[in-house]
Number of protein chains: 4
Amino acid sequence: MPTSTTKRDDILDSALTLFAERGFDATTIPMIATDAKVGAGTIYRYFANKEVLVNTLFQHYVTLFKEALEKDYPEGAGIREQFHHLFQGMIRFTNEHDHALYFIKTHTSAYFLDAESREQFGHLLMIFEDFFEVGKQHGHIRPLPSKALIAIIFGGFLQLYQLIRVGELEASAELLAGVEESCWDAVRHHS
Amino acid sequence: MPTSTTKRDDILDSALTLFAERGFDATTIPMIATDAKVGAGTIYRYFANKEVLVNTLFQHYVTLFKEALEKDYPEGAGIREQFHHLFQGMIRFTNEHDHALYFIKTHTSAYFLDAESREQFGHLLMIFEDFFEVGKQHGHIRPLPSKALIAIIFGGFLQLYQLIRVGELEASAELLAGVEESCWDAVRHHS
Amino acid sequence: MPTSTTKRDDILDSALTLFAERGFDATTIPMIATDAKVGAGTIYRYFANKEVLVNTLFQHYVTLFKEALEKDYPEGAGIREQFHHLFQGMIRFTNEHDHALYFIKTHTSAYFLDAESREQFGHLLMIFEDFFEVGKQHGHIRPLPSKALIAIIFGGFLQLYQLIRVGELEASAELLAGVEESCWDAVRHHS
Amino acid sequence: MPTSTTKRDDILDSALTLFAERGFDATTIPMIATDAKVGAGTIYRYFANKEVLVNTLFQHYVTLFKEALEKDYPEGAGIREQFHHLFQGMIRFTNEHDHALYFIKTHTSAYFLDAESREQFGHLLMIFEDFFEVGKQHGHIRPLPSKALIAIIFGGFLQLYQLIRVGELEASAELLAGVEESCWDAVRHHS
DNA sequence: CATGAATGAGATTTCATTCAT
DNA sequence: TATGAATGAAATCTCATTCAT
């Protein structure tokens with residue numbers, strides 16, 4: 001009945017939650033093992049060591065997120081609709097993978113990320129960077145460095161979602177629409 | 001010649017830098033001692049243990065930040081000017097205390113913060129919360145939960161400053177003015 | 001086609017090589033399984049545990065060696081010819097069972113050998129002991145304790161064969177004849 | 001009262017004994033710590049890891065042995081006297097450093113020895129190699145490869161000393177003189 | 001006061017052994 | 001009978017904390 005790779009997935013799921021909640025260094029292998037209901041040694045059957053585990057997890061979700069953003073991207077549409085697509089992508093991804101985006105953000109500049117992880121993350125940023133660059137050329141987006149715009153959107157969105165996760169805010173459609181509008185106003189060029 | 005509290009301050013300075021750069025759990029007491037040029041044992045003369053140290057540090061900078069924001073607050077002025085005051089406060093504080101705000105943000109929901117730290121942090125948020133609440137009543141601020149607005153401003157600002165710290169962006173007056181405008185547009189009520 | 005005991009033999013062969021090359025403690029069951037091209041669990045079908053395996057191996061080769069020495073022993077011949085027989089036996093045995101003698105020597109006083117293994121090894125020594133005892137009585141052999149004479153011959157021979165195995169020396173007939181002569185001079189009574 | 005470096009020396013002493021008796025892999029850090037009467041963590045203050053410890057130990061005793069052999073070497077004397085010097089050096093060294101020579105021999109081709117250890121060991125062999133090479137040129141030594149001659153002497157001597165350590169033989173002056181004579185006959189050229 | 005050597009509890013990791021398939 | 005995934009006990013190693021100097 002259980003899927004074949006259940007164990008490996010259980011480990012990844014538990015690791016994601018714990019890394020997001022406590023951070024990499026404060027999460028011990030026994031904690032992950034207990035949460036995943038596997039023996040501690042089992043983790044090492046699937047991942048050579050703790051760093052490989054965290055990098056695997058990081059790359060997995062970064063890739064998934066990138067694909068979610070790229071899927072059905074409205075190439076020919078107006079910039080507002082494209083922004084909506086990206087923002088909805090963030091929301092949908094966060095809803096589907098509870099702790100993933102928060103985990104990504106809080107571990108983005110961690111000392112233990114390997115070259116591959118950093119590169120994958122670079123690819124992810126590129127989506128936003130391209131969007132902003134084109135938007136600036138057309139005069140639709142504020143003339144600020146794309147990196148800065150990304151930071152504002154990303155930083156704001158994730159800080160917000162942390163509140164939702166913690167339960168201090170509820171993710172109503174209304175709130176999310178309002179936040180999207182707020183973020184859009186943060187980056188769009190006001191004439 | 002050296003002030004009596006020199007060592008204590010050296011320890012706090014080193015701890016701030018290391019906690020901001022590596023996080024609490026990845027920072028060891030010997031690391032702090034080496035960086036502060038004191039013996040590892042000396043840290044325990046000033047702080048009962050590592051958790052007391054991090055809480056002391058957290059409360060110290062949260063309080064300092066709060067005071068910086070409250071100082072010369074333009075009570076009677078217009079909302080845009082008040083926002084400018086708060087934003088300038090963030091910038092000035094970050095310039096004066098290099099890693100402080102980033103340390104605060106990354107450790108805001110850490111498992112080892114004690115009640116006092118959480119309370120102090122609550123006080124800090126209150127400044128922004130009050131600002132937004134009044135602004136919303138007057139129709140100057142977007143009708144979103146204050147917590148959400150704070151998250152957007154704070155999250156965006158800090159994500160940005162991380163880029164500056166890492167060296168990916170330069171903190172020119174121009175950039176900062178642009179970012180302030182962006183953040184203001186994110187929270188203000190657009191008619 | 002394959003004999004039913006093939007797997008058992010494969011395991012013993014692999015274990016012999018690995019124990020000789022790395023030693024008992026540095027050799028893991030998975031290593032043996034991989035080398036023998038069987039599953040790790042299969043080893044436990046044939047041997048109750050790792051210690052049983054090593055003792056089985058030890059006794060097997062000690063017995064084999066003993067039989068090789070006893071076979072065609074020139075009872076009535078002169079002492080030099082008997083010595084030649086023993087020495088040739090060592091060489092032939094080593095050629096036939098690559099790592100066996102080296103494995104025996106390096107594990108001779110190991111903490112995990114059981115009573116049976118020690119006893120078997122005692123029997124093996126007895127052959128040499130008898131040879132030396134009789135030789136001393138007839139004045140052909142140096143008046144030293146037989147154990148000492150055995151140590152000299154055995155120790156020297158095996159140290160030499162290690163060099164051959166490692167490739168630092170080549171096992172030419174000439175070399176071996178020279179070494180036999182050397183060993184003989186080491187033990188014979190010089191008038 | 002205790003010497004300053006007592007702890008480090010205690011660790012090395014215990015490690016030597018245990019490595020000689022059980023081998024590197026069968027000796028655990030807690031075993032060494034217990035024997036040395038220090039905390040397990042203390043060992044890591046002096047040696048980065050177990051491999052560094054064993055290499056340090058190896059190099060220490062190889063060097064000590066080499067120096068013992070070189071000290072008062074009778075350069076101008078006859079070959080028999082030089083051989084006597086070397087043999088006595090082995091005996092004296094073994095008496096002074098109980099397990100050292102046996103430890104060296106049993107770990108000489110171990111997988112964990114680093115380049116420095118192997119080089120030091122090469123230097124040690126050189127002393128014997130030089131002795132045999134010169135001896136062969138003068139026709140005093142058997143025309144066998146020096147490596148082979150070294151193996152015979154070394155292998156024999158150490159195998160013998162193992163018996164002494166284990167208590168199966170007693171190291172009387174008589175026995176040692178006899179063994180020296182035996183070894184000399186093993187290597188000298190018989191006209 | 002200040003130090004850093006020493007410690008042991010606890011973290012990471014390995015591996016002999018079991019057992020469901 | 002054969003397998004190798006799974007396990008947990010035990011090994012290696014780290015580090016917060018203590019304490020003699």
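Below, all heavy atoms of this structure are taken into account, side chains as well, without hydrogens, waters or symmetry copies. A, B, ... follow the sequence lines: proteins, then strands. Residue 1 opens every chain.
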Quiz item: Of D:Thr27 and B:Asp25, whose closest DNA chain F nucleotide lies nearer the 5' terminus?
Solution: D:Thr27
Exercise. Identify the two heavy atoms, one from D:Asp35 and one from D:Ser14, that lie closest to each other, and give their separation to 0.1 Å.
Key: OD2-OG, 2.6 Å
Practice problem: Take C:Phe58 and C:His107, measure what ring pair (Phe, Tyr, Trp, His ring centres under 6.0 Å) needs, and give me the verdict at the end. | Solution: CA-CA 8 Å; C:Phe58 188 85; C:His107 293 77; 7.9 Å; no
Practice problem: Give the nucleotide from the list E:dT7, E:dT17, E:dA2 with an atom nearest to the side chain of B:Tyr46. | Solution: E:dA2
Quiz item: Taking atom P of E:dA11 as reference, at what distance in whole Å does atom CD1 of A:Ile43 sit?
Solution: 13 Å
Self-check item: Earlier contact from the 5' end, DNA chain F, for A:Lys37 and D:Glu51
Solution: A:Lys37
Quiz item: E:dT13 P sits how many Å from A:Ile29 CD1, rounded?
Solution: 6 Å
Self-check item: Which nucleotide in E:dT7, E:dT17, F:dT12 has an atom nearest any side-chain atom of D:Pro30
Solution: F:dT12
Quiz prompt | Whole-Å gap separating C1' (E:dT3) and CD1 (B:Ile32) | solution = 17 Å
Exercise. Rounded to the nearest angstrom, tell me the gap between atom NZ in C:Lys50 and atom C1' in F:dA10.
Key: 13 Å
Quiz item: Can you tell me how far C1' of F:dT7 sits from CZ of A:Arg8, to the nearest Å?
Solution: 19 Å
Quiz item: OP1 or OP2 of E:dT17 sitting under 4.0 Å from any side-chain N/O of C:Tyr44?
Solution: yes
Exercise. Using atom CG of A:Leu18 as one end and atom P of E:dA11 as the other, report the distance to the nearest whole Å.
Key: 13 Å
Quiz item: Quick one: which of F:dT3, E:dT13, F:dG4 gets closest to the side chain of C:Arg45?
Solution: F:dT3
Practice problem: Choose from F:dG4, E:dT3, E:dA6 the nucleotide whose nearest atom is closest to any side-chain atom of C:Ala40. | Solution: F:dG4
Practice problem: Compare the minimum distances between each of F:dA16, E:dA11, E:dA2 and the side chain of A:Thr28, then state the nucleotide with the smallest one. | Solution: E:dA11
Exercise. Let me know the distance between CE of C:Met31 and C1' of E:dA16, rounded to the nearest Å.
Key: 13 Å
Exercise. Identify whether NZ of Lys or CZ of Arg in D:Lys50 sits under 6.0 Å from the centre of the six-membered ring of D:Phe24 and within 45° of that ring's axis.
Key: yes
Quiz item: More 5' along DNA chain E: C:Asn49 or A:Gly41, using each one's nearest nucleotide?
Solution: A:Gly41
Quiz item: If every non-hydrogen atom of A:Asn55 is compared with every non-hydrogen atom of A:Phe112, which pair is closest and at what distance?
Solution: ND2-O, 3.1 Å
Quiz item: Which one, E:dT17, F:dA2, E:dA6, comes nearest to the side chain of D:Lys7?
Solution: E:dA6
Exercise. Apply the side-chain contact (heavy atoms from CB on, under 4.5 Å) test between C:Phe121 and each candidate in C:Ile104, C:Thr63, C:Leu113; give the one that qualifies.
Key: C:Ile104
Quiz item: How many Å lie between CG on C:Leu53 and C1' on E:dA16, as a whole number?
Solution: 12 Å
Quiz item: Are the side chains of C:Arg45 and C:Lys7 in touch, meaning some heavy atoms are under 4.5 Å apart?
Solution: no
Quiz item: Which listed nucleotide (F:dT7, E:dA6, E:dT13) is nearest to the side chain of A:Thr42?
Solution: F:dT7
Quiz item: What is the base-pairing partner of E:dG10, counting Watson-Crick and G-U wobble geometry with both distances under 3.5 Å?
Solution: F:dC13
Practice problem: Using Watson-Crick or G-U wobble geometry with both distances below 3.5 Å, tell me the partner of E:dA20, or none. | Solution: F:dT3
